[in-house]
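See structure below.
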Amino acid sequence: MEYQFQKIEKKWQDNWYKNNTFRAKDDYTMPKFYGLVEFPYPSGHGLHVGHPRSYTALDIVARKRRLEGYNVLYPIGWDAFGLPTENFAIANKIHPKKVTADNVANFKRQLQSIGFSFDWTREINTTDAAYYKWTQWIFLKLFEKGLAYKQEMPINFCTSCKVGLANEEVVNGVCERCGSEVVRRNKSQWMLKITEYAQRLIDDLDDLNYIEKVKTQQKNWIGRSEGAEVEFKISGTDEKVTVYTTRPDTLFGATYMVLSPEHPYVEKFKDMIKNYDEAVAYRENAAKKSEFERTELAKEKTGVCLNGLFAVNPVNEKEIPIFISDYVLMSYGTGAIMAVPAHDDRDWDFAKKFALPIIEVVAGGEDVQKAAYTDTDSGKMVNSGFLDGMEVKEAIAAIRDFLEEKGIGKKKVNYKLRDWVFSRQRYWGEPIPLVHCDKCGWVALPESELPLTLPEVDNYEPTDNGESPLSKIEDWVNTTCPKCGGHAVRETDTMPQWAGSSWYFLRYIDPGNNDAPASAEAINYWMPVDWYNGGMEHTTLHLLYSRFWHKFLYDIGVVNTPEPYQKRTSHGMILGENNEKMSKSRGNVVNPDDIVNDFGADTFRTYEMFIGAFDQATPWSMNGVKGCYRFMERVWNLQEILSDEEGYSADLENTMHKTIKKVSEDIERMKFNTAIATLMALINDFYKKGSVTRGELRTFLLLLNPTAPHITEEMWENAGFGGNLNEAKWPEYDEAKTIDASVEVVVQLNGKVKGKIVVPAGLDRDGLGEAALAEEVVKNLLEGKTVVKTICVPDKLVNFVVK
RNA sequence: GCCGCUGUGGUGGAAUUGGCAGACACCCGGGACUUAAAAUCCCGUGGGAGCAAUCCCGUACCGGUUCAAGUCCGGUCAGCGGCACCA
C-alpha cells in the first residue's frame, strides 16, 4: 500500500471542515482550554514558513487537550489593516479592501491545506466594520475616561514626496522611496495614557506564567526607576528648573546642567541667553534626528552652552552653567538633568568635550579624570558636605530626606514607558470616531452611530501636507456636532494597526455579538486565554498594548480578569538555508505551498516541529524535510508489519509507558523536537522487532496525531480502532512501568569515567556505594589506591576520590 | 549605544535539578538488492594516537567555584531579536 498523502490529506481536511469538527462548544459546564496564536497580517507574499511554527505548536497542544476531554477554543483571524496593504494598493491602483480580501483568501487556503484545527466558524477580520465597531467603542470608552488626549508629537515628513512616513520607511535619515531628506514635523496627535497603568503592568506580571525573558523585557521596557526631583534656582530670577535624577547622592558633584533643546525655558529666558540664535539653530538640527540617533551612546556629544544663564546647585549654592544637548529628551523625566561627570558616562563624555570640571563625590574607583565611576555597591561619599563618609545607598536615603525637609526636592518614581501615539495619517485604518466642534471641542460620536465606517472612495492617496487622505473627503469630513447640532469636522487620522490586535482575543469568544465586544457569560467562561504563543518581536509593544487595554476593560467592568493571558511562550524565527533572515531580496524564501504539495502537510508540520529547539532561531533545511518524509513513510509502512495481537508486547511494554510519559511531558514543555525524536526511536524499535501489535500501533497513532493528524486518522480507520481518532482518549501511562528493574551506573575515579556497573534501580547513597565496592571492576580500579571520599548519586554514578 | 537572547561534531540539534557530552535526524563513507540508477534496507561516522585492549583532547575564548561544569560565577569575542509610525 502506497503512502498517498495528497489523497489522505484532502480526505480528512474535507471531513473536518465540512463537519466543523474543531468547533468550540458553547457548553460552559465543560473544562475549557483557550489556546491563542498571533493572528497573521495577510500580506501579499502569502504565508511565511514562520507562521506555521507557532500555529503547529499550539495546534498540537489544542489537539492533545481535545483528546484529554477539554472544550477547546483555538481560533484564527486576520489583522488586516496596515501600511503594506495601503502602499500596495496605491502602487497598483487596487483598492485596499480588494487587496485585503484577496490576501485573506490566499492565507486561508494555505492555512487549511496544513490541516490546523482552527475553529473557522469564529474567523474574524479587524477591517470588518462589525469588528472595528468595537475597536472604536473601546477607544470612545478610553476617551470618556480621560485616557485619550491630544498632543503635539513629531511625525517623519518627506520633503520631496510631501507625505508622513513610518519609521520603517526612513532609512539612514532619508526617504526609502525617493532618497530625499526626511524632517521631523510636529503634529497634534491622539495619545493614550498607557503610563497611567505602568505600575500595574509591572506588578501583575508576578502571577502570570510568562517565560522569564518576556517578563524581563516587559519590565525593562516600562523601565521603572526610583530617584528624586530636585529644584535648581535660575540665577538672578525667581524661577526654578526641576531635574530628575536617579543619583541624588551625587548632587554635590553636579558641575553643570543640561536641558533638552525643546525645553520651554529656552524660550522663556530667550532675553537672557546671549547666544539664543545658536541655541535655536541647534534645536532645529536636533529635530531632524530620531530619538534613537539622539541617545546613541557611542556618538560624539554635541550641545550649546546657554551663555548668560546659570543655575544654582541647592546644596552648595554654587553657580553652574546650563547647556542644551540632544541626548536629553523632553519625553523622559523633566527634560532636564543635573550633570555629574564623575559618576555618569554620558555626562563624563560631555564634560571632557566641553572642558567642564569633574568633581569626585564617590571615592573607591579609579581616577575620575580618566573615566566615570558608576558603581553604586561600593565606595564612600566625599566632597559632599554632610554626606561625607556614607555608603552610596545611605547617602541616597539621607539626601532624599534632606531635599524634602528643605522643600527643594522630592522622591520620585519615573518610567521610561511613554504614552502611546495613537494617530496615523493614513487611509487603511479604523476611523477615530470623534468630531471637532468649534463650540464644544472634541466630541465623541454616540454609540448608536458606530461603526463609523471608512468612506468608500477611489482616491486614498496621501495628501501633500502630511494630513490623512481622509481629510480630502469633504462631504465626510464636514458633519454636525452630536452635542449642539452645529457644524463640526471629523477627526481624519486613523488608528494604528495595534488597535485591532489589542482586544481580538475577546472577539473570538463571541464573534457575532452586536451588542458588546463579547457577552459577559462567554467572557466569564473562556477568559483568560490559557496559553498564548507568539514571536519575541511582539514582546514589548503588542503584548503591552493589549495588556493595557485589557486592564482598562477590567476597570470599566467589561472583562472579568485583570490580565488577558495566563501563559505566554515564544517561538524562534525560521531562517533561510544560508542562516540569514528569509527575504525576497536574499532569494532564500521557502513557500509552504511547495512543501505541502511535494511532501504533504504531515511532513511539513512534523519538520516545522523537528527543525530545532522551539524557542530558538533555526535555519531551514530541505534535507531535514526529506528526513521527516522518510519518517512518515516508515509510519505508513507499520501497516505491513501489524500483528493481530492486542496490548503491548512484553519486550516493549516499559518502552511504551516511557514513551507516553516522555511525549506527554515534552508537548507541555514545548520540546516538540524531542517528542518526535522519541517517536522515531520507538518506530525504530518496532522495525527491529519486526512487528507491531495493535495496542502498540494504537498508542503510537494517538501520540503522533497532534503532530501529523491526517496520516494517523487514516491509519486509525484502516486498523479499525473504531470511530475517528480525534474522538479518542489521550493514552495514559503507568509510572511503575516506566522504571526499569536495574540501571547502569557510571564509576568515576576523581571525576573521570573509568567503568560502568549494573545495579538494582532505586538504591540509596549507602546502598549504591556498597553495591559498587562489591563489583569486581571497581575492586580492580581501586587496587593500590586510597579512597579519600566517595560520592554516590542514586541511579546515576559513583565517584571515588582517590590518592 | 541601550534592553533581551544565543554560541555544543561536516549540519540541525539532545543532555528536565551541576552527575556517562553528541539522543534523534541530516550529510558523508562502506555494503546488500538492481543490467544500471533511484528508492529501500544494513553497517560506520567528534578529533587525534594505536593491530588492539586502551589512552589523550574536546561544548566560542580567558579565568574561577566544585569530588564533578555544556550547565554556576567574573571577564572577552561573535551572531540574532527589539528600540515606540513594519507588524
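Note on naming: letters A, B, ... go to the chains in the order of the sequence lines (proteins, then strands), and numbering restarts at 1 for each one.
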Candidate nucleotides B/A25, B/C86, B/C41, ranked by approach to the side chain of A/Asn684 - the nearest: B/A25
Between A/Leu797 and A/Glu665, who's closer to the 5' end of RNA chain B by nearest nucleotide? A/Glu665
Nearest of B/G4, B/C67, B/G82 to any side-chain atom of A/Lys789? B/C67
Picking from B/G13, B/A23, B/G81, the nucleotide nearest the side-chain atoms of A/Thr618 would be B/G13
A/Gln217 has its side chain closest, among B/C86, B/C3, B/C55, to B/C3
Sugar-phosphate only, base, or nothing, as touched by A/Leu165 at under 4.0 Å among non-hydrogen atoms: base
Does atom CD (A/Glu735) have a neighbourhood of more than 12 heavy atoms from anything else shown, all under 6.0 Å? yes
Have a look at A/His538 and say if it touches a base, only the backbone sugar-phosphate, or nothing, with a 4.0 Å heavy-atom cut-off. base
Relative to its sugar, using the 90° cut-off around 0, the base of B/G75 is anti
Could you identify the nucleotide paired to B/A21, looking across every strand shown and requiring Watson-Crick or G-U wobble geometry with both distances under 3.5 Å? none
Would you mind telling me which of B/G4, B/A84, B/C85 lies closest to the side-chain atoms of A/Gln189? B/C85
Donor-acceptor pair between A/Thr195 and A/Asp419 side chains, under 3.5 angstrom: yes
Touch class at under 4.0 angstrom, heavy-atom based, for A/Val793 against every strand present: base
Less than 3.5 Å between a donor and an acceptor, one on the side chain of A/Asn167 and one on the base of B/C85, is that the case here? no
Scan side-chain atoms only and decide if A/Tyr332 and A/Ser225 contain a donor-acceptor pair under the 3.5 Å cut-off. yes
With distance as the sole criterion, is a donor-acceptor pair present between the side chains of A/Asn465 and A/Thr463 under 3.5 Å? yes
Mind checking A/Arg630 for me? I need base, sugar-phosphate or nothing, with any heavy atom below 4.0 Å counting as a touch. sugar-phosphate
Winner on side-chain proximity to A/Gln748, out of B/G19, B/A23, B/A14, is B/G19
For a quick check of understanding: with a heavy-atom distance under 4.0 Å over all strands, which category does A/Lys416 fall into, base, sugar-phosphate or nothing? base
Residue matched to B/U71 through Watson-Crick or wobble contacts both under 3.5 angstrom: none
